[in-house]
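Below is one structure, written out as structure tokens, with a few remarks after it.
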Amino acid sequence: MLNKPTLLGVLAALTLFGSLPAQADVDGQQLYRQHCVKCHAEDGRANTMRGWLFFAQNLSKAKWQDNNSDADILNAIQEGPGAMPGYADTLSEAEQLALVKAVRDLRKP
Ligand code: HEC
């Protein structure tokens with residue numbers, strides 16, 4: 001039979017883990033807004049002050065989308081070409097992959 005302190009410990013642990021984001025539901029859109037919008041803009045067109053300043057890529061262009069594979073995009077997120085910061089060490093693999101998908105969703109016809 002569990003005594004009271006042990007039970008409380010288990011409950012505390014459950015609450016703690018319950019509040020951590022699960023790998024499966026990493027929110028790519030939210031990550032994009034958090035890390036990328038300041039340069040690439042909400043719609044990916046990079047029509048922001050920093051986007052202009054750093055010559056950030058327009059990620060919504062269909063032609064650009066066609067010319068870049070998921071691996072290219074993942075590589076850019078990890079390495080950070082040119083003036084863009086790399087996210088290899090700051091974001092988990094699941095987060096990086098969710099961002100690849102978020103970038104794909106920026107595509108305009
Ligand atoms: C400080 C501004 C800045 C931030 C923040 C930033 N980028 Fe960039 N990004 C750039 C610039 C500038 C380039 C173009 C680099 C070059 O080719 O010289 C670029 C290029 C890219 C490319 C590759 C374009 C290509 O043709 O290879 C992708 C994909 C990309 N960014 C996605 C993202 C994503 C996703 C995020 C958020 C995790 C992000 N960027 C955050 C500035 C930024």
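Atoms within each ligand, like the ligands themselves, are counted from 1 in listed order. Just so we're clear, the structure is a prediction, and the values are computed from it rather than from any experiment. We're numbering straight along the sequence, starting at 1.
- Panel note: side chain H40, backbone Q57; a donor-acceptor pair is recorded below 3.5 Å.
- A salt bridge does not link R33 to D27: none of the charged side-chain nitrogens sits closer than 4.0 Å to a carboxylate oxygen.
- What sits closest to atom 11 (C) of ligand 1 on the protein, heavy atoms only, is A56 CA, 3.5 Å.
- Nearest to atom 42 (C) of ligand 1 among the protein's heavy atoms is M84 CB, 3.5 Å.
- The N/O atoms of Y87, backbone and side chain alike, include none that comes under 3.5 Å of an N/O atom in ligand 1.
- Looking from atom 12 (C) of ligand 1 to the surrounding protein, the closest heavy atom is F54 O, 2.9 Å.
- Summarising the contacts of atom 9 (N) of ligand 1 with H40, Q96, Q78, the nearest heavy atom is found in H40.
- The environment of CD in Q30 is crowded: more than 12 heavy-atom neighbours from other residues, nucleotides or ligands sit within 6.0 Å.
- Close approach of ligand 1 to L99 is summarised as follows: ligand atoms under 4.0 Å from at least one heavy atom of the residue are 38 (C).
- Among all non-hydrogen protein atoms, the one lying nearest atom 5 (C) of ligand 1 is H35 O, 3.3 Å.
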Show the numbers, then the answer: is there a side-chain contact (heavy atoms from CB on, under 4.5 Å) between R107 and D66?
-> CA-CA 10 Å; R107 183 192 182 103; D66 289 340; 3.1 Å; yes
Derivation and outcome, side-chain contact (heavy atoms from CB on, under 4.5 Å), residues H35 and Y87 = CA-CA 9 Å; H35 297 286; Y87 296 89; 3.9 Å; yes
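- Between the side chain of Q65 and the main chain of V103, a donor-acceptor pair closer than 3.5 Å is present.
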Worked check of side-chain contact (heavy atoms from CB on, under 4.5 Å) between K101 and L97 = CA-CA 7 Å; K101 201 178 165 301; L97 290 172; over 6 Å; no
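- Proximity to V103 (heavy-atom distance under 4.0 Å) selects the following atoms of ligand 1: 35 (C).
- For ligand 1 and A76, the ligand atoms under 4.0 Å from any heavy atom of the residue are 22 (C), 23 (C), 28 (C), 29 (C).
- Below 4.0 Å from some heavy atom of C39 lie the following atoms of ligand 1, by number and element: 1 (C), 2 (C), 3 (C), 4 (C), 5 (C), 42 (C), 43 (C).
- Atom-to-atom distance recorded for L53:CG and C39:SG is 9.0 Å, nearest 0.5 angstrom.
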Verdict with supporting geometry, L106 and D43, side-chain contact (heavy atoms from CB on, under 4.5 Å) | CA-CA 6 Å; L106 296 169; D43 60 2; 5.6 Å; no
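- Residue W64 has at least one nitrogen or oxygen atom sitting less than 3.5 Å from a nitrogen or oxygen atom of ligand 1, judged on distance alone.
- Ionic pairing of R104 and D70 is present here: one or more N-O contacts between side-chain nitrogen and carboxylate oxygen are shorter than 4.0 angstrom.
- Proximity of a side-chain donor or acceptor of N75 to a complementary backbone N or O of A71 within less than 3.5 Å is not detected.
- Scanning the protein for heavy atoms near atom 27 (O) of ligand 1, the closest one is N68 OD1, 4.1 Å.
- Of all atoms in ligand 1, numbered sequentially from 1 with element shown, those under 4.0 Å from a heavy atom of I77 are 35 (C).
- At a heavy-atom distance under 4.0 Å, no atom of A46 approaches ligand 1.
- Atom 36 (C) of ligand 1 has C36 SG, 2.7 Å as its closest protein atom, hydrogens excluded (heavy atom only).
- The protein non-hydrogen atom at the shortest distance from atom 14 (C) of ligand 1 is F55 O, 3.8 Å.
- In this comparison of G28, A98, P81, the heavy atom closest to atom 17 (O) of ligand 1 sits on P81.
- Every atom of ligand 1 is numbered from 1 in the order shown, and the set under 4.0 Å from a heavy atom of G82 is 18 (O).
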